[in-house]
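Following: one structure in structure tokens, then a few remarks.
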Protein chains: 2
Amino acid sequence: MVTIRDVAKKAGVSVATVSRVLNNKGYSHEDTRKLVNEAIKELNYKPNEVARSLFKKKSRLIGLLLPDIRNPFFPELARGVEDEMQEQGLHLIIGNADEKPKKEIDYIETFKQNNVIGIISATNQAETELYEDLSIPVVFLDRITNNHPSVYADGLDGGKKAAREIIKRGSKRIALLRGPIEVRTAQDRFKGAVDELCNANVDFQVITSSFSFHDAEKVAKTLFEKFPETDGIIASNDLSAAAILHEALRIGRSIPDDLQIIGYDDIPLSKLLFPPLSTIRQPAYDMGREAAKLLMKIIEKQPLEQLNIQMPVTFIERQTTRKVEKND
Amino acid sequence: MVTIRDVAKKAGVSVATVSRVLNNKGYSHEDTRKLVNEAIKELNYKPNEVARSLFKKKSRLIGLLLPDIRNPFFPELARGVEDEMQEQGLHLIIGNADEKPKKEIDYIETFKQNNVIGIISATNQAETELYEDLSIPVVFLDRITNNHPSVYADGLDGGKKAAREIIKRGSKRIALLRGPIEVRTAQDRFKGAVDELCNANVDFQVITSSFSFHDAEKVAKTLFEKFPETDGIIASNDLSAAAILHEALRIGRSIPDDLQIIGYDDIPLSKLLFPPLSTIRQPAYDMGREAAKLLMKIIEKQPLEQLNIQMPVTFIERQTTRKVEKND
DNA sequence: CTCTTATGTGTAACCGGTTACACATATAGT
DNA sequence: ACTATATGTGTAACCGGTTACACATAAGAG
């Protein structure tokens, strides 16, 4: 392994000089710089991040904690975070907590032990305790907290939009899927939808479910058994929506004529479903980027205009909802 | 930050003793161990991985490089790798190369600089050059190489199975999707399918496409325009299959009566499509675990029974293929 | 009772960077 | 000519672990 001392010897200078050239810090003579850079190139020297990190107590790594890497929404967040970080010369340790608190704790510890410079957490635990007395900056992503920096989409509005759009298109007996209670964003979209539904002349049912694949299928089955007269479904995310769409078609419901479905998230696969899924789009990629930017600001101790960044959601009209009737 | 010296002071011993107790190495007296462990607990001491890594030139991190985190096949691999590693007390740096060689190079560098103890690479570059003179053990995953350890599924057999099953079920004019040429596993399944198709009394078309979402949609459109008489499609992966299924339904083809489709991978969403997608299953999670095990063996310099582990693939019969006619 | 071996512990060097500080020289200001 | 300041470089301490080695004591062998 080539070390800074090898470079120093080759260039005929001290390690301090090499370090200064390397980091553009302090003074260094033009000629020396050239000498050092040549030596670096010739030896193909790459500084050891670990040594650097040990002294500075700061690595160039960011910890990103996801609740469930299988849900396509999260990889999309990750891409946003990663692209932004890459531009800053930083890299990601992605941890998958698999919705298990133990794994989350483990990863936070790993992050600390490896001197990550900041953490972005998208897990779905209600408590932020784990993060309370961390000396590392943390940004919560797709998660709402009062006293911590966070980036999330406007769940209240999302829920409202979903309800409004499905009502506007004529559903009268609506099933509203409620995501896990501990996930605040899920509750927001739920509340938003409830608000709208209450104000409208429609009946509705609430069904609680988790966000996982497995649960989605079960819920879909029971939904149609218990509430066969349902003519509109507001799903808690696209995964459940896919499962419901699947089950609805299986039992011969006609979509969207007989039953409308609105998803939530707009994962890449949603438009490949048939019929393509109408959904409330969360700008996952951009949320990732924003979270990364926010974290960078905190790390660099720049003043923050806002601690919490709320991103807009949009209704993506595809074909699990009917065309709205023109009445103008 | 609590350091080993703090612990030593509190326990009234030297740092060497603390280190020995910590790692169960060398001798240490029962009483001393108790003392040290108490001090550790009281101070809530966690060893600094970075310092450890600097001296040992080995971290407890594994680098996992994925070509495209959005393709659900890869997160599934990642889960397998992660679960196995977790049991070994190791952690993952997941890098998303986004199919870009530059990112791949970058990540390999990051992995090196952070003293990862091993690398698992699932990228789709043909050349293994980048990995040639790395001093770090590398295992290739979902990738076939001759002179490097690797774990992959039996593409040849997968292709054959797909062809055989679709032929058995009566398709006569088959479109065969060929994945990216540089991806060896894609070529294998392609070749396997070609083999079978040639031996059968059917016509077939070859169409080349990438593995990405975007491409999948385009290919689906052109496929039906150029070859409207197609009555069976062997897709290069489930993503393309989903896109094709979608397009087929859009233009009013009846699945599976009029047109059969077989996917490849069996990603979690495949069974949520409608009709649920018949596909060739690659045991992604298990592949991940095997790759992790193999890497561990190499790291621990255990003898390897085999350098390359080939995993079996299975045909998952769902409903984009017809029931096979009983003729017994 | 002495010699060997096993057990237990501390000192200090080391890993590969960074940086405070000392020192030397050049340049500018008065 | 004489400071004051800017520029350029080297020495060595430091980050927080690990471990080779020295040393001390206890136990076992003959």
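Below, read A as the first sequence line, B as the second, and so on, with proteins coming before strands; counting in each chain starts at 1.
Here the closest non-hydrogen pair linking A:Ile108 and A:Leu65 is CG1-CD2, 4.1 Å. Minimum interatomic distance between A:Ala186 and A:Phe211 (heavy atoms only, all atoms of both residues): CB-CZ, 3.9 Å.
The residue A:Val18 sits apart from the nucleic acid: no heavy atom pair falls under 4.0 Å. B:Ser19 comes within contact range of at least one nucleobase, with a heavy-atom separation under 4.0 Å.
One interatomic measurement links the two molecules: CE of A:Met1 to C1' of C:dC14, which rounds to 15 Å at whole-angstrom precision. Protein atom CG of A:Asn48 is 18 Å distant from nucleotide atom P of C:dC14, rounded to whole Å. Going from atom CD of A:Glu49 over to atom P of C:dG17 covers 10 Å, rounded to whole Å. Between B:Asn115 atom CG and C:dC15 atom C1' the separation is 10 Å, expressed in whole Å. As a whole-Å value, the separation of B:Leu54 CG from C:dT18 P is 12 Å. In this structure, the CG atom of B:Asn114 is 15 Å from the P atom of C:dG16, given to the nearest Å. If you measure from atom NZ of B:Lys25 to atom P of C:dT7, you get 18 Å, rounded to the nearest angstrom. D:dC14 atom C1' lies 17 Å from atom CZ of B:Phe55, rounded to whole Å.
The shortest distance between the side-chain N/O atoms of B:Lys56 and the OP1/OP2 oxygens of C:dC15 is not below 4.0 Å. Residue A:Lys57 places at least one side-chain N or O closer than 4.0 Å to OP1 or OP2 of D:dG16. Side-chain nitrogen and oxygen atoms of A:Asn23 include at least one within less than 4.0 Å of the OP1 or OP2 phosphate oxygen of C:dT18.
Partners of B:Pro47 by side chain to side chain contact (heavy atoms under 4.5 Å, CB included), not counting sequence neighbours, listed by chain and number: B:Leu22, B:Tyr45.
Between A:Phe140 and A:Tyr131, the distance separating the two ring centers is shorter than 6.0 angstrom.
Residues B:Ser150 and B:Arg143 bring no donor and acceptor atom of their side chains to less than 3.5 Å of each other. B:Asn115 and A:Glu49 form no side-chain donor-acceptor contact under 3.5 Å, judged by distance and modelled atom types alone. Between the side chains of B:Asp83 and B:Tyr285, at least one donor-acceptor pair of N or O atoms lies under 3.5 Å.
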- line: In 5'-to-3' order, the base (B), backbone-only (S) or no-contact (-) status of each nucleotide in nucleotides 6-11 of chain D, using a 4.0 angstrom heavy-atom cut-off, is SBBBBB

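By the 6.0 Å contact criterion, CD on A:Glu129 is open, its count of non-hydrogen atoms from other residues, nucleotides or ligands being 12 or less.
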N/O-N/O pairs, protein side and nucleotides 24-28 of chain D side, under 3.5 Å:
none

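In this structure, the separation between CZ on A:Arg60 and CD1 on A:Ile117 is 8.5 Å, given to the nearest 0.5 Å.
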